[in-house]
Amino acid sequence: MDPMNLFSQIRAQVIAALDALVAEGALPAGLDTANVTVEPPRDPAHGDMATNAAMVLAKPAGMKPRDIAEALAVRLTADPRIASAEVAGPGFLNMRVAPEIWHDLLRSVLTQGTDYGRSVLGDGIKVNVEFVSANPTGPMHVGHTRGAVFGDALAALLDFAGYDVTREYYINDGGAQVDVLARSAFERYREACGLSPEIREGLYPGDYLIPVGAALKEKYGESLLDQPESAWLEEVREFSTEAMMAMIREDLALLGVKMDVYFSEKSLYGTGRIEEALKSLEDRGLIYTGVLEPPKGKTPEDWEPREQTLFRSTDFGDDVDRPVKKSDGSWTYFAPDIAYHYDKVTRGYDQLIDIFGADHGGYVKRMKAVVAALGGNSVSLDIKLIQLVKLFKNGEPFKMSKRAGTFVTLRDVVEQAGADVTRFVMLTRKNDAPLDFDFDKVLEQTKDNPVFYVQYAHARVCSVLRRAEELGLDTSDAALSGAALERLDHPAELDLARKVAEWPRLVEIAARGHEPHRIAFYLYDLASDLHGHWAKGNDEMGLRFIQEDDLGATQAKIALARSVAVVISAGLAILGVTPVEEMR
RNA sequence: GCACCCAUAGCUCAGCUGGAUAGAGCGCUGCCCUCCGAAGGCAGAGGCCUCAGGUUCGAAUCCUGAUGGGUGCGCCA
C-alpha cells in the first residue's frame with residue numbers, strides 16, 4: 001500500500017497493534033485481518049478516522065467487540081501521533097490524530113506537487129484499455145465522445161495509480177461496412193469528375209465524403225470511371241478508410257485524446273492470425289460444428305437450421321455457443337474479435353479493459369468467454385458499457401437525426417463547449433448511467449455547473465497567491481513547504497487538510513473500481529470545502545488566507561490553500577482538464 | 001421467451017465493494033458583501049433508498065423472487 005496514503009499508514013499501525021496483542025496473548029493467533037479497514041467516518045464529529053477491527057474480529061476471536069476495541073485503543077494511543085482512540089457505536093474505534101500529522105501531510109503535498117496521490121497500487125501491472133474503436137466510416141458523434149473521454153480518463157487514472165497502461169483503438173476496417181464506405185466514396189469521386197452521384201439506399205450520404213471524392217480524382221484522374229467495381233474497390237476502400245481514420249485522429253486530438261496503438265482488424269485477415277487464434281481454442285476442444293437452436297420468442301422469419309463452426313462459449317458462462325464461421329465458410333465478425341483479443345493476450349497484458357457502447361451489452365459474455373478461454377486465470381477482462389448521452393439546448397431535448405442534418409458530431413460538441421468542459425461534464429456521471437448534456441448549462445458560470453465550480457476554486461487560490469506575492473511573500477511550493485505550518489491550528493483549517501488527505505485513498509478506490517467519475521465528484525467536494533472555508537473568512541477574520549499584519553501566518557495559510565489547488569490540478573489532469581488561474 | 005444494465009428527495013444524480021443519524025446540485029423559504037473574487041456561503045423544508053423475503057453484530061449496498069424502465073438476442077460489423 002502506498003506510503004503517502006495516511007489511511008493505509010494508520011491501518012498498518014492498527015494491524016501492528018493487533019499483532020502485538022496476539023503476541024502478548026490478548027488475542028488468539030491466526031486471525032484474518034483482511035477485512036479490517038481504516039476509513040474517514042461519515043460524521044466528522046466521530047474523529048479523523050475509524051476502524052472496524054473489533055467488529056470484524058469479534059466473532060473469530062470469540063470475544064466481545066468492546067473488549068478488543070479497548071485493548072486496541074490502549075495500544076494505539078501509546079503512539080503520540082494518535083491523540084485519542086475511543087470505542088463507539090457497535091464497536092467502532094474512533095481515532096483522532098495529532099495536528100502535526102496534518103501539517104506533515106500538507107508539507108508532503110507541497111513537496112510532491114501533483115505527484116501527491118500517485119499510488120503503487122498498480123505495481124506495474126500491464127493494462128490495455130481499448131476504447132472508441134468507432135467504425136472508420138464517418139465522423140465521431142456524441143456517443144463516441146463520451147466513450148473517448150471515459151477511456152482516456154480511466155487510462156490516466158490507472159497510470160496515476162501505478163499501472164502500466166496502453167491506450168488502444170481497434171479499427172474495424174475488415175468488414176462489409178468499409179466496402180460500403182468505398183462505394184459511397186466512389187459516388188463522390190464520380191461527382192468530382194462532373195457526373196451526378198447516385199447515393200443509393202444503404203450508402204453513406206454524408207458531406208464528409210465529398211473531399212474524399214475530390215482527393216480520389218486528384219490521385220486517379222478519371223481513370224477509375226469506366227472500371228468495374230472489382231477493379232477499384234480495394235484501392236478506394238484503402239484510400240477512404242485512411243481518410244476516415246485521419247479525420248477520427250483529428251477529432252480525438254481536438255478532445256485531447258492520444259492513442260498508443262491503432263490496431264487494424266484487416267491485419268488479421270489473410271495473415272493466419274485468425275486461424276492461429278481459433279487453433280488455440282480448438283486445441284482446448286472448444287470449437288465444434290453444430291446447429292444452434294432458434295432464439296426463443298423472437299424467431300426470425302427466414303430462420304432455418306444450419307450447420308456452423310461454433311465456439312463453446314457456454315463453457316464460460318455465455319448463454320449460447322457462438323458461430324465463428326458463416327455457412328459459406330467465411331468468418332463471422334466474431335472471429336476477428338477472438339483473434340484480436342488473442343493478440344492482446346499474447347502481447348502479455350495482465351488486464352484487459354474494453355469500453356463499449358451500451359447497445360453492445362450483448363457481447364459482454366462472449367468476449368469474457370473468449371478471454372477466459374484464451375488467457376485462463378492469468379488475464380482478466382473488464383468491460384465497461386457507456387450509456388447514452390442525451391443532448392439538451394435551453395433545457396429542451398435536442399433531437400438528433402442524420403437525415404434532418406441535426407446529427408451532432410464530436411467536433412460540434414467540442415467547438416461549442418470546449419474540450420475541458422466537455423470532458424469534465426462527461427465524467428460527472430457513472431459510465432452506466434445516462435448523461436444529460438445541456439449546451440447552455442455547461443457554459444454557465446454558476447455552481448450549477450460543476451466544471452465552473454471546481455475551476456473557480458482553483459482560480460480563487462491562484463488569486464490569493466497573487467495577493468500574497470504583492471505582499472512580498474515567496475509563493476513557490478518550495479518556500480511554502482517550509483512555512484510554519486504549526487500555525488494552522490483552527491479546526492476549520494485542519495478540516496480542509498483532512499479533505500486533502502483523502503486524495504490518495506480516493507485515487508485507489510477509483511482505480512480499483514475503474515470509476516473515473518469518482519475523481520470528478522471528489523473534486524467537486526474539495527472545491528465545495530474550499531469555497532465554504534473561504535466564506536468563513538467573511539465572519540472570522542482569522543480564517544482569511546491573507547493576514548496583512550502577520551506574514552508568517554499568511555504563509556502557513558496560503559500553503560494550505562495551495563495544497564488544495566495542487567490536488568485540484570492533479571485531479572483535473574487525470575480527467576484531462578486544464579486548471580484555470582482566473583475566471584473570465 | 002431469455003440475457004445484461006438500471007430503480008435513492010418534486011427534478012438530475014452521488015453514496016468510498018457491508019458500517020454509525022442516507023448526501024449534493026437544481027427548485028422552494030429565509031439569511032450573509034465597510035470583508036483575500038458574493039461567479040460564493042449559511043440555514044430550513046423535503047425520504048417506506050420500487051416491493052417481498054434471505055444472509056449477519058449491521059444491508060441503499062450482497063443473494064433470491066416480483067414490479068417498472070433501457071439494451072440486446074444464428075450466416076450485420
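Letters go in sequence order (proteins before strands), and every chain restarts at 1.
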Name the closest nucleotide to the [X] side chain, picking from [options].
X	options	answer
A:Ile546	B:C36, B:C16, B:A14	B:C36
A:Asp359	B:G72, B:U12, B:G19	B:G72
A:Phe545	B:A24, B:G40, B:C36	B:C36
A:Gln308	B:G40, B:A77, B:G74	B:G74
A:Arg505	B:C16, B:U12, B:G19	B:C16
A:Gln177	B:C16, B:A20, B:A77	B:A77
A:Asp448	B:C26, B:A20, B:U12	B:C26
A:Ser327	B:C75, B:A77, B:G40	B:C75
A:His517	B:A77, B:A20, B:A14	B:A14

Give me the distance, rounded to whole Å, that separates [N] from [M] when you measure between the [atom1] atoms they each carry.
N	M	atom1	answer
B:A24	B:G15	P	15 Å
B:U61	B:G25	C1'	23 Å
B:G69	B:C51	C1'	16 Å
B:U17	B:G27	C1'	34 Å
B:U8	B:A22	C1'	8 Å
B:G46	B:G40	C1'	24 Å
B:U55	B:U64	P	15 Å
B:G70	B:U29	P	35 Å

Once you measure the plane-to-plane angle for A:Phe437 and A:Phe439, does it fall in the parallel (<30°), tilted (30-60°) or perpendicular (>60°) bin?
perpendicular
Relative to the ring of A:Tyr340, is the ring of A:Tyr170 parallel (under 30°), tilted (30 to 60°) or perpendicular (over 60°)?
parallel
Can you find a donor-acceptor N/O pair under 3.5 angstrom joining the side chain of [X] to the base of [N]?
X	N	result
A:Arg460	B:C36	no
A:Arg306	B:C75	yes
A:Asn94	B:A20	yes

Quiz question: by atom type and distance under 3.5 Å, do the side chains of [X] and [Y] form a donor-acceptor pair?
X	Y	result
A:Glu508	A:Ser119	yes
A:Asp328	A:Ser330	yes
A:His514	A:Asp382	yes
A:Glu469	A:Thr475	yes
A:Tyr363	A:Asp354	no
A:His490	A:Glu540	yes
A:Thr241	A:Asp173	no

Using heavy atoms to find the nearest nucleotide of RNA chain B for A:Arg467 and A:Glu293 separately, return the residue whose nucleotide is more 5′.
A:Arg467
On RNA chain B, check which nucleotide each of A:Thr332 and A:Arg544 is closest to and give me the residue with the more 5' one.
A:Arg544
From [atom1] of [X] over to [atom2] of [N], roughly how many Å is that when rounded to an integer?
X	N	atom1	atom2	result
A:Leu526	B:G40	CG	P	17 Å
A:Ile519	B:G15	CD1	P	12 Å
A:Leu543	B:G41	CG	P	16 Å
A:Lys536	B:C42	NZ	C1'	10 Å
A:Lys59	B:C57	NZ	P	4 Å
A:Asn52	B:C57	CG	P	14 Å
A:Leu57	B:G19	CG	P	16 Å
A:Glu502	B:C16	CD	C1'	9 Å

Pair assignment for [N], Watson-Crick or G-U wobble, requiring both distances under 3.5 Å:
N	value
B:C73	B:G1
B:A60	none
B:C16	none
B:U55	none
B:C48	none
B:A9	none
B:U29	B:A43
B:A38	none

Assign [X] to base, sugar-phosphate, or nothing according to its heavy-atom contacts below 4.0 angstrom with the strands shown.
X	answer
A:Pro323	sugar-phosphate
A:Glu515	nothing
A:Ala433	sugar-phosphate
A:Ala58	nothing
A:Arg322	nothing
A:Pro434	sugar-phosphate
A:Glu582	base
A:Tyr453	sugar-phosphate

Whether [X] contacts [N] is assessed here as follows: a side-chain N or O lying under 4.0 Å from the phosphate OP1 or OP2. Is that the case?
X	N	result
A:Lys441	B:C26	no
A:Lys326	B:A77	yes
A:Lys430	B:G15	yes
A:Arg42	B:C16	no

Could you walk me through whether A:Ile558 and A:Leu465 satisfy the side chain to side chain contact (heavy atoms under 4.5 Å, CB included) test, starting with their C-alpha distance in whole Å, then the side-chain angles of each, then the deciding distance to 0.1 Å, before giving a yes or no?
CA-CA 7 Å; A:Ile558 62 174; A:Leu465 293 179; 4.0 Å; yes
Would A:Trp534 count as stacking on B:G41 if stacking means ring centres less than 5.5 angstrom apart and planes tilted under 30 degrees?
no
Between A:His531 and B:G41, do the rings stack, that is, sit under 5.5 Å apart with planes less than 30° off each other?
no
